[in-house]
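To keep things clear, I will list the structure first and then write my remarks on it.
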Amino acid sequence: MTQRTLTGTTLETLVSLSKRRGFVFQSSEIYGGLSSVWDYGPVGVELKRNVKDAWWKSMVRERDDVVGMDASILMHPDIWVASGHVDSFTDPLVECQDCHRRFREDKLEGDTCPNCGGTFGEPRQFNLMFKTFLGPVEDSAAVVYLRPETAQAIFVNFENVQTTSRKKIPFGIAQIGKSFRNEITPGNFTFRTREFEQMEMEYFCEPGTDDEWHEYWMNWSMDFFTSHGIRSEKLRLRNHEPDELPHYSKASADVEFVFPWGWDELETISNRTDFDLKAHAEKSGKDLSYFDDQQKKRFVPFVVEPAMGADRAALAFLADAYDEEGEGKDKRVVLRFHPDIAPYQVAVLPLSRNDRLVPTALRVYDVLRPHFNTQYDDSQSIGRRYRRQDEIGTPLCVTVDFETVEDDDAVTIRNRDTMEQVRVPVDNLETAIRDQLDLMRNDSQG
Ligand code: GAP
């Protein structure tokens, strides 16, 4: 087991590493940037895709009781009336009477403006949904909303999905997609933004079994993070106080992670009862109850929902993986990602850009890339290239040297965490890499 040498790092370090290595860039940077909006670069997009794929695999593909769907962002505006978002999806906003900066009242410490010390006016409720217009006429009849959660598309498709998938209750519907919230105070890098991706699953169950399923999905969520490498001591479950509960929830718990600024919400698991299905049945006039043919009874299912942000999860994986070793010029920054989360699993590095090495290195690259997400890099010195791969968390580097070409057709595999090197014939390389990644998977169970 590799010892990690550091328990945490600052947000500034993560933001600067993200920019330097192509994880995340400020949106619209050449125009001065757009506040609290971020773009994923070539390395970051692989990280976020791996987080989403890991979730989809564990949540949908490896289970018989969960199916997926992918709905549009724009939906009928009545959905947001029925769901309560038009009336209740608000945060209390206060404005400083001196500098006119606006803040979320419930997140303020003290009652004076943190910017200028001025006093606030009366709080008002600010609705977080973005509005736009459907079609060419910009009047109130054409108003639609950018969805603030992916969940509602699942509720309104409950019957379509249940009948076509022929799933029996209990079963779940999962979705990954963009959501939008006009947050009053976004911040902390990709933690709270106005455009983000969610990974949500609505689990439909019989009333009376909901508390048990709530417990089950809380444990499942903790396991998801630890089995993909986040250390368990950096995670905890926290039940919501009654005054924190969202308007639809009977009980909610957050999976919290120690972000660089302290414990904060990573995911929320809520017991939404039959609130949403009943509300949509009433507003749409469509019966959304379920007939249980074994028990010969009809009921409106209760729903338990694990709801996670893909961006927030990617940030947690990044923060947890960050490590530093050594000092001065021997200092090494290394991201100790679980192999399924790491942006690349393998890098192929010829010792130099020598004409005799490059064709063999490219052949090795071709052997590996159908099986692993592989990067090829022949720029700069080999030492710098190892450092670069450590900084993006590539578990294994494969080096092609003159011995490979002249003598043994074998290559060196260097392990990111132990820095140990083993020599392996190219013929056995795929198996050797698979075995080493498996060992690293076991090693990085949180
Ligand atoms: N359907 C329930 C729901 O949306 P939520 O607690 O408001 O519940 C679920 O959101 C998750 O979505 C959060 O735990 C967080 O990971 C992510 N999330 C919410 N708002 C976000 C924002 N402004 N920026 C980034 N992620 C956000």
Side-chain angles (χ1 to χ4, degrees), residues 24 27 35-38 40 48 51-52 55 59 69 71 73 75 79-80 83-85 88-91 104 106-107 126-130 145-156 172-203 214 217-218 221-222 224-225 230 235-241 244-257 259 263-273 275-277 279-280 303-319:
V24 178
S27 158
S35 161
S36 302
V37 186
W38 301 94
Y40 288 82
K48 191 166 138 185
V51 171
K52 291 187 287 182
W55 187 85
M59 182 59 97
M69 65 167 288
I73 288 168
M75 297 195 281
I79 288 175
W80 305 110
S83 68
H85 282 79
S88 311
F89 196 58
T90 55
D91 278 336
R104 243 179 90 168
D106 56 335
K107 296 279 177 192
F126 174 77
N127 195 295
L128 302 185
M129 283 198 293
F130 279 99
Y145 302 96
L146 302 189
R147 67 182 179 201
E149 62 170 13
T150 59
Q152 294 305 322
I154 297 179
F155 297 127
V156 301
I173 306 175
Q175 179 171 217
I176 299 179
K178 289 258 178 168
S179 292
F180 301 82
R181 295 181 190 178
N182 201 2
E183 300 279 0
I184 299 168
T185 41
N188 284 338
F189 196 27
T190 53
F191 179 82
R192 190 181 307 285
T193 53
R194 295 189 169 113
E195 171 181 345
F196 53 98
E197 250 179 308
Q198 288 189 307
M199 311 193 279
E200 299 199 287
M201 195 277 291
E202 310 303 317
Y203 199 74
H214 193 212
W217 285 109
M218 289 195 270
S221 298
M222 292 290 274
F224 172 77
F225 289 113
I230 295 197
L235 294 165
R236 70 179 184 197
L237 273 170
R238 187 187 66 81
N239 288 319
H240 281 203
E241 299 297 330
E244 289 178 84
L245 287 178
H247 63 272
Y248 47 73
S249 172
K250 165 180 156 186
S252 292
D254 287 346
V255 174
E256 293 189 331
F257 172 78
F259 285 95
W263 288 101
D264 215 332
E265 172 192 330
L266 183 50
E267 176 177 7
T268 302
I269 303 102
S270 293
N271 183 342
R272 294 183 78 129
T273 69
F275 176 90
D276 302 271
L277 286 180
H280 289 304
V303 175
V304 174
E305 171 197 72
M308 195 201 304
D311 309 85
R312 213 175 265 191
L315 180 60
F317 279 109
L318 180 70

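Just so you know, ligand 1 is whichever comes first in the structure, and atom 1 is the first atom listed for that ligand.
Given atom 3 (C) of ligand 1, the protein heavy atom at minimum distance is Glu200 OE2, 3.5 Å. Distance from atom 25 (C) of ligand 1 to its nearest protein heavy atom, with residue and atom name: Phe191 O, 3.1 Å. Regarding atom 19 (C) of ligand 1, its nearest protein heavy-atom neighbour is Arg181 NH1, 3.5 Å. Protein heavy atom nearest atom 12 (O) of ligand 1, with residue, atom name and distance: Gln198 NE2, 3.2 Å. Considering only non-hydrogen protein atoms, atom 11 (C) of ligand 1 sits nearest to Ala307 O, 3.6 Å. Protein heavy atom nearest atom 24 (N) of ligand 1, with residue, atom name and distance: Thr193 N, 3.0 Å. Given atom 13 (C) of ligand 1, the protein heavy atom at minimum distance is Glu265 OE2, 3.0 Å.
Taking any N or O of Gly309, backbone or side chain, at least one lies under 3.5 Å from an N or O belonging to ligand 1. Close N/O approach between Thr190 and ligand 1 is not found [any backbone or side-chain N/O within under 3.5 Å].
Close contacts between ligand 1 and Leu266 involve ligand atoms 14 (O), 16 (O) [criterion: under 4.0 Å to a heavy atom]. Residue Thr268 has at least one heavy-atom neighbour below 4.0 Å for each of these atoms of ligand 1: 6 (O), 14 (O). Those atoms of ligand 1 that come under 4.0 Å of a heavy atom in Glu267, given as number and element, are 14 (O).
Residue Tyr248 places a heavy atom under 4.0 Å from ligand 1. Residue contact check for ligand 1: Arg272 places a non-hydrogen atom closer than 4.0 Å to it.
When side chains are defined from C-beta on, Glu267 does not count as touching Phe257, because their heavy atoms never get closer than 4.5 Å.
Considering Glu202, His280, Arg147 in turn, His280 is the only one that fulfils the side chain to side chain donor-acceptor pair (under 3.5 Å) rule with Gln152.
Contact annotation: for Arg194 versus ligand 1, there are no heavy atoms closer than 4.0 Å.
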Q: Under the salt bridge (charged side-chain N to carboxylate O under 4.0 Å, His left out) rule, what do Arg272 and Glu149 come out as? Steps first, then yes or no, please.
A: CA-CA 14 Å; Arg272 294 183 78 129; Glu149 62 170 13; 3.2 Å; yes
